[in-house]
Amino acid sequence: MRLAAARQALLAGLVPPQQRTGVLAHLQSMLNGGLALGAALGGLALGADTARAYLAVFVLDGVGFLVCAAVLLGLPPVAPVAGRAAGEPRLAVLRDRPYALVTLLNAVLLLRMPLLSLAVPLWIVERTHAPGWLVSALFVLNTVAVMLLQVRTARPVSGLDAARRAVRMSGLVMAASCAVFAASALPGSGRAAAALLVVAAALQVDAEMRQSAGSWQIGFALAPADRIGQYQGFFGTGVPLARTAGPLVLTWLLLGWGIPGWLLLGAVLLAASYGMGPAVRRAAAVRREAGPPAAVVRPG
């Protein structure tokens, strides 16, 4: 709900550039709070296990959608987007190779998204001696950590230099997380495996928050002021790509290869995070060379 409203405000230029990452961090924190609340309500319904409890959850869900619709109707009007300049391609972002490279590297880094929801649960059940209930515990750990710490993590990320450092550090932390996840399958007690999994999940959520903050800043800062919507739409394709291809890649890599698969995944994410630095510098240089937006012709 608030995410859609803030996205429109960002694209309309209502939020100053230096505040965009902070606004998105607040939204991410609120989103995780909503996930936690929804999971809690669902757990109560499952615990009651009655038709009335399940119907109540569906009714609350429906009411939530109605509230969202009412909030969206109350959004301030957004100025119409200017038309394309004479001779400008319809999808200029597809010809911006430096930005496309940044988008590709970001999509690779987003392979972390299906980890906690798919790959790690399967890993725990099939490759470790840890108890199965730890799957839910790690999800709660991730959700609560993002809810409480995402804003603080994103606060220092106010420019491209800080964004590059955040992404690079996220790669280092994520590589460490993959190594600890791999170690959880080594021979030992279930308690030892559970402890390693908790440490790995804590490292993973730290990397997630750093990568999110850096990518938000990079995606907006490298987009031309007159084509933010188009560029953000392209940059955002990394999310469905990771969610679609990620489960196949991760299950094949981690469950098929085991410990070497985790180490290879960590190396790939580390390489992508370090590659983001020169890719962002190149994209920023191209943006500076292009100069201010050309005059545009509004549709009549």
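By convention here, the first residue in the shown sequence is residue 1.
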Taking all heavy atoms of [X] and all of [Y], pick out the closest pair and write down the distance.
X    : Y    : answer
A202 : L141 : N-CD2, 4.1 Å
H129 : G188 : CD2-O, 3.5 Å
L138 : A201 : CD2-CB, 3.7 Å
A107 : A242 : O-CB, 4.2 Å
G266 : A175 : O-CB, 3.8 Å
S184 : A193 : O-CB, 3.6 Å

Check whether any side-chain N or O of [X] sits under 3.5 Å from a backbone N or O of [Y] as a donor-acceptor pair, and report yes or no.
X    : Y    : value
W123 : F181 : yes
Q211 : A166 : no
S212 : M209 : no
S273 : L270 : yes

Rounded to the nearest 0.5 Å, what separates atom [atom1] in [X] from atom [atom2] in [Y]?
X    : Y    : atom1 : atom2 : result
L263 : C178 : CG    : SG    : 8.5 Å
S215 : F220 : OG    : CZ    : 10.5 Å
L222 : R282 : CG    : CZ    : 12.5 Å
N142 : S117 : CG    : OG    : 10.0 Å
F58  : L55  : CZ    : CG    : 8.0 Å
Q150 : R210 : CD    : CZ    : 11.0 Å

Same cluster for [X] and [Y] if Ile/Leu/Val/Met/Phe/Trp/Tyr side chains link at under 4.5 Å?
X    : Y    : value
V268 : M174 : yes
L94  : L241 : no
V108 : L110 : no
L250 : I124 : yes
V173 : V157 : no

**Prompt:** Considering residues, nucleotides and ligands other than R243, do more than 12 of their heavy atoms fall under 6.0 Å from its CZ?
**Reply:**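 Atom CZ in R243 is not crowded, with 12 or fewer foreign heavy atoms closer than 6.0 Å.
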**Request:** Answer yes or no: does atom CE of M169 have more than 12 heavy-atom neighbours from other residues, nucleotides or ligands under 6.0 Å?
**Result:**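 Counting other residues, nucleotides and ligands, CE of M169 stays at 12 neighbours or fewer.
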Test item: [X] and [Y] side chains (from C-beta on) under 4.5 Å apart, heavy atoms:
X    : Y    : result
V120 : V135 : no
V280 : L105 : no
L134 : V198 : yes
V199 : L203 : yes
D96  : Y231 : yes

**Request:** Decide yes or no on side chain to side chain contact (heavy atoms under 4.5 Å, CB included) for R281 and R164, but give the supporting numbers first.
**Result:** CA-CA 9 Å; R281 284 194 292 270; R164 289 198 301 267; 3.5 Å; yes
**Prompt:** Is it true that D161 and R165 have a side-chain N and a carboxylate O under 4.0 angstrom from each other?
**Reply:**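 Here D161 does not pair with R165 in a salt bridge, since their nearest N and O are not under 4.0 Å apart.
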**Message:** Classify the ring geometry of F235 against Y99: parallel below 30°, tilted from 30° to 60°, perpendicular beyond 60°.
**Reply:**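 Aromatic pair F235/Y99 classed tilted.
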**Message:** Apply side chain to side chain contact (heavy atoms under 4.5 Å, CB included) to residues M276 and L109 and explain how you reach the verdict.
**Reply:** CA-CA 10 Å; M276 186 67 84; L109 293 172; 4.1 Å; yes
**Request:** Could you give me the CA-CA distance, side-chain angles and deciding distance for W257 and W252, then say whether ring pair (Phe, Tyr, Trp, His ring centres under 6.0 Å) is met?
**Result:** CA-CA 7 Å; W257 289 29; W252 168 75; 5.4 Å; yes
**Message:** Working note: L148 + V144, criterion side chain to side chain contact (heavy atoms under 4.5 Å, CB included); need CA distance, chi angles, decisive distance, verdict.
**Reply:** CA-CA 6 Å; L148 297 178; V144 173; 3.7 Å; yes
**Message:** Any donor-acceptor pair under 3.5 Å linking the side-chain atoms of R112 with those of Q204?
**Reply:**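 No, no side-chain donor-acceptor contact under 3.5 Å.
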**Request:** With side chain to side chain contact (heavy atoms under 4.5 Å, CB included) as the test, would you mind laying out the steps for L254 and R127 before giving the verdict?
**Result:** CA-CA 10 Å; L254 303 181; R127 292 299 189 102; over 6 Å; no
